[in-house]
Amino acid sequence: MNSDAAKEVLSAYRSEDRDGADPIFREALSQLENDAELKKWFEEETNLDRSVRQKLAGIEPPADLQAKILARIRGEKVRRSVFALPPAWLAVAACLVLGGLALFYSTNRGGSDRFQEFKTDALAMVSVQGGPQLDLETPDLNETQTFLREHKAPYYEALPSRLKSMETAGCRAFVWKDYPASLTCFLLPDGQFLHLVVINKAALDNADIPAGMKAMGDWHVMFQQKNGMLLMWASQAPMDQLKQLFVVSTGGVRGIANAQEKPSQHARTVSDEAVFSIEQ
Amino acid sequence: MRADLDLETIVSELYSPLYRFAFALTRNETQAADLTQETFLILTRQQAQVRDVTKIKSWLFTTLRREFLRGLRSQSSHPEVELKPEHQDQLVSDSAVSQAIDAGTVLEVLAKIEESYRMVLELFYLADLSYKEIAVTLDIPIGTVMSRLSRGKEQLRTLLAKTEPPTKTFPHPR
(Lines give C-alpha, C1' and ligand atoms only; values in the text may rest on other atoms or scores of the structure.)
Protein backbone atom coordinates (compact mmCIF):
# COMPACT_ATOMS: atom_id res chain seq x y z
CA MET A 1 0.00 0.00 0.00
CA ASN A 2 1.57 3.30 -1.05
CA SER A 3 1.06 6.62 0.70
CA ASP A 4 -1.85 7.79 -1.47
CA ALA A 5 -3.64 4.48 -1.05
CA ALA A 6 -3.10 4.69 2.71
CA LYS A 7 -4.57 8.21 2.75
CA GLU A 8 -7.67 7.04 0.90
CA VAL A 9 -8.16 4.18 3.33
CA LEU A 10 -7.54 6.33 6.40
CA SER A 11 -10.10 8.88 5.16
CA ALA A 12 -12.70 6.32 6.20
CA TYR A 13 -11.15 5.68 9.62
CA ARG A 14 -13.23 6.83 12.59
CA SER A 15 -11.54 5.73 15.81
CA GLU A 16 -9.54 2.93 17.37
CA ASP A 17 -12.49 1.49 19.26
CA ARG A 18 -14.72 1.33 16.19
CA ASP A 19 -12.33 0.60 13.35
CA GLY A 20 -9.10 -0.46 14.99
CA ALA A 21 -9.70 -4.17 14.47
CA ASP A 22 -10.35 -3.85 10.73
CA PRO A 23 -7.33 -5.34 8.88
CA ILE A 24 -7.48 -2.76 6.11
CA PHE A 25 -7.08 0.03 8.66
CA ARG A 26 -4.43 -1.87 10.59
CA GLU A 27 -2.31 -2.09 7.49
CA ALA A 28 -2.71 1.62 6.68
CA LEU A 29 -2.09 2.66 10.27
CA SER A 30 1.10 0.59 10.41
CA GLN A 31 2.56 2.81 7.69
CA LEU A 32 2.34 5.88 9.91
CA GLU A 33 5.39 4.68 11.84
CA ASN A 34 7.67 4.92 8.83
CA ASP A 35 6.13 7.81 6.90
CA ALA A 36 6.40 11.21 8.61
CA GLU A 37 4.46 13.02 5.89
CA LEU A 38 1.65 10.48 6.08
CA LYS A 39 1.62 10.75 9.86
CA LYS A 40 1.30 14.55 9.71
CA TRP A 41 -1.47 14.24 7.13
CA PHE A 42 -3.30 11.76 9.35
CA GLU A 43 -3.10 14.10 12.37
CA GLU A 44 -4.64 16.90 10.29
CA GLU A 45 -7.31 14.52 8.99
CA THR A 46 -8.15 13.42 12.53
CA ASN A 47 -8.41 17.05 13.64
CA LEU A 48 -10.76 17.83 10.76
CA ASP A 49 -12.98 14.85 11.60
CA ARG A 50 -13.06 15.74 15.29
CA SER A 51 -13.89 19.37 14.60
CA VAL A 52 -16.67 18.59 12.10
CA ARG A 53 -18.22 15.96 14.36
CA GLN A 54 -18.17 18.32 17.33
CA LYS A 55 -19.88 21.05 15.34
CA LEU A 56 -22.52 18.76 13.92
CA ALA A 57 -23.22 17.41 17.41
CA GLY A 58 -24.75 20.85 18.01
CA ILE A 59 -27.79 19.67 16.07
CA GLU A 60 -29.90 18.51 18.97
CA PRO A 61 -33.12 16.58 18.41
CA PRO A 62 -36.28 18.06 19.97
CA ALA A 63 -36.48 17.12 23.65
CA ASP A 64 -39.68 15.15 23.18
CA LEU A 65 -38.73 13.35 19.97
CA GLN A 66 -37.69 10.08 21.57
CA ALA A 67 -40.89 9.93 23.62
CA LYS A 68 -43.00 10.65 20.53
CA ILE A 69 -41.27 7.93 18.56
CA LEU A 70 -41.71 5.39 21.34
CA ALA A 71 -45.39 6.31 21.74
CA ARG A 72 -46.04 5.84 18.04
CA ILE A 73 -44.15 2.55 18.03
CA ARG A 74 -46.12 1.26 21.02
CA GLY A 75 -49.38 2.24 19.37
CA GLU A 76 -48.34 0.54 16.15
CA LYS A 77 -47.28 -2.62 17.99
CA VAL A 78 -50.60 -2.83 19.82
CA ARG A 79 -52.53 -2.45 16.58
CA ARG A 80 -50.36 -4.98 14.81
CA SER A 81 -50.47 -7.49 17.63
CA VAL A 82 -54.25 -7.56 17.43
CA PHE A 83 -54.27 -7.57 13.66
CA ALA A 84 -51.66 -10.30 13.55
CA LEU A 85 -53.77 -12.78 15.50
CA PRO A 86 -54.43 -15.95 13.50
CA PRO A 87 -57.99 -16.15 12.12
CA ALA A 88 -58.95 -18.88 14.57
CA TRP A 89 -57.95 -16.69 17.50
CA LEU A 90 -59.75 -13.72 15.99
CA ALA A 91 -62.89 -15.82 15.79
CA VAL A 92 -62.53 -16.84 19.42
CA ALA A 93 -61.88 -13.23 20.42
CA ALA A 94 -64.93 -12.08 18.47
CA CYS A 95 -67.07 -14.72 20.17
CA LEU A 96 -65.82 -13.61 23.58
CA VAL A 97 -66.62 -9.96 22.85
CA LEU A 98 -70.04 -10.73 21.39
CA GLY A 99 -70.76 -13.20 24.18
CA GLY A 100 -69.83 -10.57 26.72
CA LEU A 101 -72.02 -8.04 24.99
CA ALA A 102 -74.95 -10.43 24.94
CA LEU A 103 -74.49 -11.30 28.60
CA PHE A 104 -74.21 -7.69 29.61
CA TYR A 105 -77.19 -6.74 27.48
CA SER A 106 -79.34 -9.52 28.98
CA THR A 107 -78.54 -8.49 32.53
CA ASN A 108 -79.05 -4.78 32.01
CA ARG A 109 -82.53 -4.42 30.63
CA GLY A 110 -83.27 -1.49 32.93
CA GLY A 111 -81.66 1.06 30.61
CA SER A 112 -83.21 2.30 27.45
CA ASP A 113 -82.75 0.52 24.16
CA ARG A 114 -81.08 3.65 22.93
CA PHE A 115 -78.41 3.44 25.62
CA GLN A 116 -77.87 -0.27 25.00
CA GLU A 117 -77.51 0.44 21.32
CA PHE A 118 -74.97 3.17 21.94
CA LYS A 119 -73.01 0.99 24.32
CA THR A 120 -72.89 -1.83 21.80
CA ASP A 121 -71.93 0.45 18.91
CA ALA A 122 -69.23 2.21 20.91
CA LEU A 123 -67.66 -1.03 22.09
CA ALA A 124 -67.80 -2.45 18.59
CA MET A 125 -65.99 0.66 17.34
CA VAL A 126 -63.13 0.44 19.82
CA SER A 127 -62.76 -3.34 19.62
CA VAL A 128 -62.37 -3.44 15.86
CA GLN A 129 -59.42 -5.44 14.49
CA GLY A 130 -56.21 -3.42 14.46
CA GLY A 131 -57.63 -0.79 16.79
CA PRO A 132 -60.22 1.85 16.04
CA GLN A 133 -59.89 4.13 13.06
CA LEU A 134 -58.51 7.51 14.10
CA ASP A 135 -58.82 10.87 12.34
CA LEU A 136 -55.73 12.20 14.09
CA GLU A 137 -52.79 10.19 15.35
CA THR A 138 -50.83 12.06 17.97
CA PRO A 139 -49.32 11.40 21.39
CA ASP A 140 -50.36 14.87 22.54
CA LEU A 141 -53.66 15.13 24.43
CA ASN A 142 -53.83 18.87 23.77
CA GLU A 143 -53.66 18.24 20.05
CA THR A 144 -56.57 15.81 20.25
CA GLN A 145 -58.65 18.37 22.13
CA THR A 146 -57.81 21.08 19.62
CA PHE A 147 -58.75 18.74 16.79
CA LEU A 148 -62.07 17.79 18.40
CA ARG A 149 -62.86 21.43 19.18
CA GLU A 150 -62.21 22.41 15.58
CA HIS A 151 -64.44 19.59 14.38
CA LYS A 152 -67.17 20.57 16.82
CA ALA A 153 -67.07 17.21 18.55
CA PRO A 154 -67.65 16.96 22.31
CA TYR A 155 -64.65 16.27 24.48
CA TYR A 156 -63.88 16.22 28.17
CA GLU A 157 -61.24 18.52 29.60
CA ALA A 158 -61.31 17.86 33.35
CA LEU A 159 -59.59 14.51 33.13
CA PRO A 160 -57.96 12.73 36.05
CA SER A 161 -54.44 14.10 36.44
CA ARG A 162 -52.81 10.78 35.60
CA LEU A 163 -54.62 10.68 32.29
CA LYS A 164 -53.67 14.25 31.48
CA SER A 165 -50.01 13.33 31.66
CA MET A 166 -50.49 10.22 29.54
CA GLU A 167 -49.76 9.95 25.86
CA THR A 168 -52.58 9.37 23.42
CA ALA A 169 -52.73 7.32 20.26
CA GLY A 170 -55.04 9.93 18.76
CA CYS A 171 -58.71 10.78 18.38
CA ARG A 172 -61.69 10.60 16.11
CA ALA A 173 -64.72 12.84 15.61
CA PHE A 174 -67.83 11.00 14.49
CA VAL A 175 -71.63 11.22 14.48
CA TRP A 176 -73.92 8.75 16.19
CA LYS A 177 -77.64 8.99 15.39
CA ASP A 178 -77.19 12.62 14.27
CA TYR A 179 -75.32 13.56 17.46
CA PRO A 180 -71.67 14.58 17.35
CA ALA A 181 -69.43 12.30 19.37
CA SER A 182 -65.74 11.75 19.90
CA LEU A 183 -63.28 9.03 20.64
CA THR A 184 -59.95 9.65 22.34
CA CYS A 185 -57.50 6.78 22.78
CA PHE A 186 -55.02 6.93 25.63
CA LEU A 187 -51.90 4.80 25.60
CA LEU A 188 -51.40 3.04 28.92
CA PRO A 189 -47.86 2.30 30.16
CA ASP A 190 -48.15 -1.38 29.26
CA GLY A 191 -49.09 -0.55 25.68
CA GLN A 192 -52.81 -1.16 26.01
CA PHE A 193 -55.42 1.42 25.11
CA LEU A 194 -57.91 3.24 27.28
CA HIS A 195 -60.69 4.57 25.07
CA LEU A 196 -62.91 7.51 25.95
CA VAL A 197 -66.13 8.01 23.98
CA VAL A 198 -68.01 11.26 24.62
CA ILE A 199 -71.54 12.12 23.47
CA ASN A 200 -74.37 14.39 24.53
CA LYS A 201 -76.56 12.49 26.97
CA ALA A 202 -79.63 13.71 25.10
CA ALA A 203 -78.61 11.32 22.34
CA LEU A 204 -79.53 8.47 24.70
CA ASP A 205 -83.05 9.64 25.52
CA ASN A 206 -81.77 10.61 28.95
CA ALA A 207 -81.63 6.99 30.00
CA ASP A 208 -80.51 5.95 33.45
CA ILE A 209 -76.82 5.32 33.27
CA PRO A 210 -75.34 2.57 35.44
CA ALA A 211 -72.54 3.67 37.74
CA GLY A 212 -69.27 1.88 38.34
CA MET A 213 -67.02 -0.24 36.24
CA LYS A 214 -68.40 -3.32 34.53
CA ALA A 215 -66.81 -6.24 32.76
CA MET A 216 -68.08 -6.81 29.22
CA GLY A 217 -66.37 -9.85 27.81
CA ASP A 218 -62.68 -8.97 27.71
CA TRP A 219 -63.43 -5.32 28.24
CA HIS A 220 -63.83 -3.16 31.30
CA VAL A 221 -66.35 -0.39 30.76
CA MET A 222 -67.33 2.56 32.92
CA PHE A 223 -69.83 5.36 32.34
CA GLN A 224 -69.82 8.87 33.71
CA GLN A 225 -72.17 11.79 33.35
CA LYS A 226 -70.62 15.22 33.19
CA ASN A 227 -72.45 18.43 32.39
CA GLY A 228 -75.04 16.75 30.24
CA MET A 229 -72.49 14.54 28.56
CA LEU A 230 -72.04 10.81 28.72
CA LEU A 231 -68.48 9.57 29.02
CA MET A 232 -67.86 5.93 28.21
CA TRP A 233 -64.47 4.52 29.20
CA ALA A 234 -63.41 1.18 27.75
CA SER A 235 -60.21 -0.80 28.08
CA GLN A 236 -58.88 -4.31 28.12
CA ALA A 237 -56.34 -3.37 30.75
CA PRO A 238 -56.64 -5.07 34.16
CA MET A 239 -59.24 -3.60 36.50
CA ASP A 240 -56.60 -2.73 39.12
CA GLN A 241 -54.62 -0.72 36.63
CA LEU A 242 -57.71 1.24 35.61
CA LYS A 243 -58.62 1.88 39.24
CA GLN A 244 -55.28 3.56 39.74
CA LEU A 245 -56.11 5.99 36.99
CA PHE A 246 -59.49 7.03 38.33
CA VAL A 247 -59.66 6.80 42.09
CA VAL A 248 -57.35 9.76 42.63
CA SER A 249 -59.59 12.13 40.71
CA THR A 250 -61.15 14.72 42.98
CA GLY A 251 -60.90 17.87 40.90
CA GLY A 252 -63.95 19.80 39.78
CA VAL A 253 -65.23 20.00 36.28
CA ARG A 254 -63.54 22.76 34.35
CA GLY A 255 -65.74 22.47 31.36
CA ILE A 256 -66.86 20.38 28.49
CA ALA A 257 -66.52 21.89 25.11
CA ASN A 258 -68.95 21.48 22.25
CA ALA A 259 -71.31 19.80 24.65
CA GLN A 260 -74.63 20.73 23.15
CA GLU A 261 -74.18 21.03 19.47
CA LYS A 262 -77.35 19.20 18.54
CA PRO A 263 -80.23 19.13 18.89
CA SER A 264 -81.13 20.34 22.39
CA GLN A 265 -79.39 22.94 24.50
CA HIS A 266 -78.35 21.17 27.64
CA ALA A 267 -77.59 23.32 30.60
CA ARG A 268 -73.99 23.24 31.79
CA THR A 269 -75.16 23.38 35.38
CA VAL A 270 -76.10 19.74 35.64
CA SER A 271 -74.26 18.48 38.67
CA ASP A 272 -71.72 15.74 38.41
CA GLU A 273 -72.45 12.33 39.71
CA ALA A 274 -70.09 10.50 41.95
CA VAL A 275 -68.69 8.81 38.94
CA PHE A 276 -65.25 7.80 39.99
CA SER A 277 -66.45 5.10 42.32
CA ILE A 278 -65.50 1.65 41.18
CA GLU A 279 -67.68 -1.42 41.19
CA GLN A 280 -66.44 -4.89 40.58
CA MET B 1 -34.10 -17.71 13.39
CA ARG B 2 -33.93 -13.95 13.69
CA ALA B 3 -34.54 -12.64 17.20
CA ASP B 4 -37.24 -10.02 17.67
CA LEU B 5 -35.91 -6.51 17.42
CA ASP B 6 -35.64 -4.53 20.60
CA LEU B 7 -37.18 -1.44 19.07
CA GLU B 8 -36.98 0.73 22.16
CA THR B 9 -33.23 0.17 22.48
CA ILE B 10 -32.75 0.84 18.78
CA VAL B 11 -34.70 4.09 19.09
CA SER B 12 -32.72 5.11 22.14
CA GLU B 13 -29.38 4.54 20.40
CA LEU B 14 -30.15 5.84 16.93
CA TYR B 15 -32.80 8.55 17.03
CA SER B 16 -30.23 11.33 17.52
CA PRO B 17 -27.96 10.48 14.55
CA LEU B 18 -31.03 9.78 12.42
CA TYR B 19 -32.47 13.18 13.32
CA ARG B 20 -29.16 14.89 12.49
CA PHE B 21 -29.06 13.15 9.15
CA ALA B 22 -32.69 14.13 8.52
CA PHE B 23 -31.93 17.71 9.47
CA ALA B 24 -29.00 17.78 7.06
CA LEU B 25 -31.35 16.64 4.31
CA THR B 26 -34.31 18.89 5.10
CA ARG B 27 -32.77 21.85 6.95
CA ASN B 28 -36.04 22.01 8.82
CA GLU B 29 -36.59 20.90 12.42
CA THR B 30 -40.20 19.82 12.00
CA GLN B 31 -39.58 17.93 8.79
CA ALA B 32 -36.52 16.28 10.30
CA ALA B 33 -38.49 15.15 13.36
CA ASP B 34 -41.33 13.86 11.18
CA LEU B 35 -38.92 12.03 8.92
CA THR B 36 -37.21 10.42 11.91
CA GLN B 37 -40.53 9.30 13.41
CA GLU B 38 -41.72 7.95 10.08
CA THR B 39 -38.51 5.97 9.63
CA PHE B 40 -38.93 4.20 12.97
CA LEU B 41 -42.60 3.58 12.22
CA ILE B 42 -41.62 1.90 8.96
CA LEU B 43 -39.16 -0.25 10.89
CA THR B 44 -41.95 -1.25 13.28
CA ARG B 45 -44.19 -2.24 10.38
CA GLN B 46 -41.51 -3.98 8.35
CA GLN B 47 -39.31 -5.47 11.05
CA ALA B 48 -40.08 -8.96 9.82
CA GLN B 49 -38.32 -8.02 6.58
CA VAL B 50 -35.14 -7.01 8.38
CA ARG B 51 -33.31 -10.30 8.34
CA ASP B 52 -29.90 -9.14 9.51
CA VAL B 53 -30.11 -7.27 12.81
CA THR B 54 -26.50 -6.13 12.46
CA LYS B 55 -27.50 -4.07 9.43
CA ILE B 56 -30.35 -2.29 11.15
CA LYS B 57 -28.41 0.97 11.29
CA SER B 58 -27.76 0.98 7.55
CA TRP B 59 -31.37 -0.04 6.95
CA LEU B 60 -32.66 2.91 8.96
CA PHE B 61 -30.50 5.49 7.18
CA THR B 62 -31.33 3.98 3.80
CA THR B 63 -35.02 4.13 4.62
CA LEU B 64 -34.84 7.70 5.89
CA ARG B 65 -33.03 8.84 2.76
CA ARG B 66 -35.53 7.00 0.55
CA GLU B 67 -38.47 8.57 2.39
CA PHE B 68 -36.89 12.01 2.02
CA LEU B 69 -36.46 11.53 -1.71
CA ARG B 70 -40.00 10.15 -2.03
CA GLY B 71 -41.32 13.23 -0.22
CA LEU B 72 -39.36 15.51 -2.52
CA ARG B 73 -40.73 13.81 -5.58
CA SER B 74 -44.31 13.99 -4.35
CA GLN B 75 -43.92 17.70 -3.62
CA SER B 76 -42.53 18.44 -7.04
CA SER B 77 -44.48 18.59 -10.26
CA HIS B 78 -41.48 16.94 -11.87
CA PRO B 79 -41.14 13.19 -11.46
CA GLU B 80 -37.41 13.31 -10.73
CA VAL B 81 -35.65 15.79 -8.50
CA GLU B 82 -31.91 16.04 -8.55
CA LEU B 83 -30.41 17.00 -5.22
CA LYS B 84 -28.19 19.85 -6.17
CA PRO B 85 -26.95 22.39 -3.68
CA GLU B 86 -29.23 25.08 -5.17
CA HIS B 87 -32.22 22.88 -4.42
CA GLN B 88 -31.07 22.32 -0.87
CA ASP B 89 -30.96 26.06 -0.39
CA GLN B 90 -34.63 26.26 -1.34
CA LEU B 91 -35.49 23.87 1.47
CA VAL B 92 -34.15 26.16 4.13
CA SER B 93 -37.02 27.85 5.93
CA ASP B 94 -36.67 30.99 8.00
CA SER B 95 -37.53 29.23 11.22
CA ALA B 96 -35.49 26.14 10.57
CA VAL B 97 -32.00 27.29 11.31
CA SER B 98 -32.17 27.61 15.04
CA GLN B 99 -29.34 25.18 15.59
CA ALA B 100 -25.91 26.13 16.79
CA ILE B 101 -24.15 28.46 14.38
CA ASP B 102 -21.19 26.14 14.00
CA ALA B 103 -23.39 23.24 12.99
CA GLY B 104 -25.25 25.50 10.57
CA THR B 105 -21.99 26.64 9.03
CA VAL B 106 -20.82 23.09 8.49
CA LEU B 107 -24.17 22.15 6.96
CA GLU B 108 -23.99 25.13 4.62
CA VAL B 109 -20.53 24.08 3.54
CA LEU B 110 -21.65 20.47 3.10
CA ALA B 111 -24.50 21.68 0.90
CA LYS B 112 -21.98 23.20 -1.49
CA ILE B 113 -20.14 19.93 -1.99
CA GLU B 114 -20.92 17.81 -5.00
CA GLU B 115 -23.88 15.53 -4.30
CA SER B 116 -22.12 12.18 -4.65
CA TYR B 117 -19.42 13.26 -2.19
CA ARG B 118 -21.82 15.06 0.14
CA MET B 119 -23.99 12.00 0.74
CA VAL B 120 -20.98 9.95 1.77
CA LEU B 121 -19.70 12.71 4.03
CA GLU B 122 -23.08 13.16 5.73
CA LEU B 123 -23.34 9.45 6.45
CA PHE B 124 -19.79 9.46 7.76
CA TYR B 125 -20.07 12.52 9.99
CA LEU B 126 -23.76 12.75 10.89
CA ALA B 127 -24.70 9.09 10.98
CA ASP B 128 -21.28 7.88 12.09
CA LEU B 129 -21.52 4.97 9.69
CA SER B 130 -18.52 2.81 8.82
CA TYR B 131 -17.36 2.67 5.20
CA LYS B 132 -19.01 -0.75 4.89
CA GLU B 133 -22.31 0.58 6.22
CA ILE B 134 -22.14 3.56 3.86
CA ALA B 135 -21.59 1.17 0.97
CA VAL B 136 -24.71 -0.77 1.95
CA THR B 137 -26.76 2.38 2.50
CA LEU B 138 -25.89 3.93 -0.85
CA ASP B 139 -25.51 0.63 -2.66
CA ILE B 140 -22.07 1.47 -3.99
CA PRO B 141 -18.75 -0.44 -3.83
CA ILE B 142 -16.51 -0.05 -0.78
CA GLY B 143 -13.70 1.37 -2.92
CA THR B 144 -16.03 4.08 -4.21
CA VAL B 145 -16.97 4.99 -0.64
CA MET B 146 -13.33 5.45 0.28
CA SER B 147 -12.43 7.52 -2.77
CA ARG B 148 -15.54 9.72 -2.35
CA LEU B 149 -14.76 10.21 1.32
CA SER B 150 -11.22 11.21 0.48
CA ARG B 151 -12.22 13.65 -2.26
CA GLY B 152 -15.23 14.89 -0.36
CA LYS B 153 -13.08 15.73 2.65
CA GLU B 154 -10.71 17.56 0.35
CA GLN B 155 -13.59 19.74 -0.87
CA LEU B 156 -14.84 20.17 2.67
CA ARG B 157 -11.43 21.27 3.89
CA THR B 158 -11.13 23.81 1.09
CA LEU B 159 -14.60 25.26 1.65
CA LEU B 160 -14.14 25.44 5.42
CA ALA B 161 -10.86 27.25 4.91
CA LYS B 162 -12.77 29.93 2.96
CA THR B 163 -15.46 30.13 5.62
CA GLU B 164 -13.56 30.15 8.86
CA PRO B 165 -10.87 32.46 10.26
CA PRO B 166 -7.31 31.50 9.30
CA THR B 167 -6.61 30.09 12.74
CA LYS B 168 -9.34 27.51 12.28
CA THR B 169 -8.44 26.27 8.83
CA PHE B 170 -7.45 22.72 8.11
CA PRO B 171 -4.34 22.75 5.96
CA HIS B 172 -3.99 19.77 3.70
CA PRO B 173 -0.38 18.67 3.32
CA ARG B 174 -1.20 16.27 0.49
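Letters A, B, ... mirror the listed sequences (proteins, then strands); counts begin at 1. This is a predicted model, so every value here is computed, not measured.
Side-chain contact between A:Arg72 and B:Glu38: present, with at least one pair of heavy atoms (C-beta onward) separated by less than 4.5 Å. The closest side-chain heavy-atom distance from A:Ile69 to B:Leu41 is not below 4.5 Å. Between B:Lys132 and A:Asp22 the shortest side-chain heavy-atom distance falls below 4.5 Å. The side-chain heavy atoms of A:Ile24 and B:Ile142, taken from C-beta on, include no pair separated by under 4.5 Å. Contact check for B:Glu122 versus A:Leu56: no side-chain heavy atoms found under the 4.5 Å cut-off.
Each of A:Arg18, A:Arg53, A:Gln54, A:Lys68 has some count of heavy-atom pairs under 4.5 Å with chain B, and the biggest count is that of A:Arg53. For the set B:Thr36, B:Leu18, B:Thr39, B:Asp128, the count of heavy-atom pairs under 4.5 angstrom toward chain A peaks at B:Asp128. Of the residues considered (B:Ser130, B:Ala32, B:Ala33, B:Ser16), B:Ser130 shows the highest number of contacts with chain A, using heavy-atom pairs under 4.5 Å.
Nearest heavy atoms, B:Phe124 versus A:Ala12: CE1-O, 3.5 Å. Scanning all heavy atoms of the two residues, the minimum distance from B:Arg157 to A:Glu45 falls at NH2-OE1, 2.6 Å. Closest approach of A:Ile59 to B:Ala103, counting heavy atoms only: CG1-CB, 3.7 Å.
Cation-pi contact between A:Arg14 and B:Tyr131: absent, since separation from the ring centre below 6.0 Å together with deviation from the ring axis within 45° is not met.
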Evaluate side chain to side chain contact (heavy atoms under 4.5 Å, CB included) for B:Thr105 paired with A:Lys55, printing each intermediate quantity in order. CA-CA 9 Å; B:Thr105 304; A:Lys55 288 174 180 175; over 6 Å; no
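Of the two parts of B:Leu129, only the backbone, made up of N, CA, C and O, holds a non-hydrogen atom closer than 4.5 Å to a non-hydrogen atom of chain A. For a residue to count as touching a neighbouring chain, one of its non-hydrogen atoms must lie under 4.5 Å from one of that chain's; by this rule A:Asp49 touches chain B with backbone and side chain alike. Heavy atoms of A:Phe42 lying under 4.5 Å from chain B are absent altogether. Interface remark: B:Ile134 contributes no atoms to any contact with chain A (heavy atom separation under 4.5 Å).
In this structure, B:Leu7 CG and A:Leu70 CG are separated by 9.5 Å, a value rounded to the nearest 0.5 Å. Here B:Leu149 contributes atom CG and A:Leu10 contributes atom CG; the two are 11.5 Å apart, rounded to the nearest 0.5 Å. Here B:Gln37 contributes atom CD and A:Gln66 contributes atom CD; the two are 11.5 Å apart, rounded to the nearest 0.5 Å.
The neighbour count for B:Asp139 CG, taken as heavy atoms of other residues, nucleotides or ligands under 6.0 Å away, does not exceed 12.
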